[in-house]
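Numbers here are sequence positions counted from 1. Just follow the structure's listing: the first ligand is 1, and inside any ligand the first atom is 1.
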Amino acid sequence: MKPIVYKIAMERMQILIDSAISNARTDLDLSQRHALLARRISTKYKIRMPYHLRMVFCKKCKSFIAPGINSRIRLGRTSVKSIRISCNLCGHTYRKIIS
Ligand SMILES: [Zn+2]
């Protein structure tokens, strides 16, 4: 793949996820559509989304989950610093270790 195609695809995914997150409060349908488009770009160009984009998708049901709207983000209580993201749609919780 040409580097320019990769760059454009990455930029578009970033823009779509940004807009999905900012629209989640006002227009959930629109934000779901934008999130879906970002996923399609990632599949079409076989580009793995960077972590900060992937974290808005539930690992289990693959839905777009807007932070603070249909997902809950909490800090772990253990000595290992981590954040826990719970999907309000399927109830799945996953952890991200932060250093
Ligand atoms: Zn889920």
Side-chain angles (χ1 to χ4, degrees):
M1 192 207 309
K2 287 178 189 157
I4 186 73
V5 176
Y6 178 83
K7 191 173 169 279
I8 292 167
M10 280 297 249
E11 273 171 16
R12 288 204 59 195
M13 287 196 292
Q14 179 72 62
I15 292 164
L16 286 164
I17 297 294
D18 282 350
S19 105
I21 292 170
S22 56
N23 283 311
R25 242 169 244 285
T26 48
D27 192 342
L28 206 57
D29 274 356
L30 183 70
S31 79
Q32 291 281 2
R33 276 209 301 276
H34 283 177
L36 196 71
L37 277 173
R39 268 249 305 277
R40 283 212 192 117
I41 292 172
S42 135
T43 322
K44 186 175 172 191
Y45 297 101
K46 298 183 178 65
I47 300 172
R48 198 168 151 82
M49 278 194 215
Y51 185 79
H52 69 280
L53 297 184
R54 266 186 295 135
M55 70 181 282
V56 300
F57 294 98
C58 173
K59 281 194 172 59
K60 195 178 182 194
C61 68
K62 312 290 180 201
S63 309
F64 167 68
I65 44 173
I69 296 167
N70 39 23
S71 72
R72 258 198 335 238
I73 298 180
R74 283 185 308 184
L75 288 172
R77 287 191 213 116
T78 50
S79 56
V80 182
K81 278 214 165 75
S82 66
I83 49 170
R84 282 189 299 178
I85 303 170
S86 311
C87 169
N88 283 1
L89 304 170
C90 70
H92 182 66
T93 302
Y94 53 97
R95 246 169 24 130
K96 159 84 179 151
I97 311 284
I98 43 174
S99 47

Atom OH of residue position Tyr6 - does it have more than 12 heavy atoms of other residues, nucleotides or ligands inside 6.0 Å? no

Near the Zn ion (ligand 1), which protein N/O/S atoms are found at less than 2.8 Å? Cys58 SG, Cys61 SG, Cys87 SG, Cys90 SG

Can you list every pair that meets side-chain hydrogen bond (donor to acceptor under 3.5 Å, both in side chains) and has a residue in residues 50-65, with sequence neighbours left out? Gln14-His52

Nearest atoms (heavy-atom pairs only) where Phe57 meets Ala35: CZ-O, 3.5 Å

Short side-chain to backbone donor-acceptor contact, Asn70 and Ala66, under 3.5 Å: yes

Distance to the ring centre below 6.0 angstrom and angle to the axis at most 45 degrees; does that hold for Arg84 and Tyr94? no

Can you check whether Met13 reaches Ile47 side chain to side chain, under 4.5 Å on heavy atoms? yes

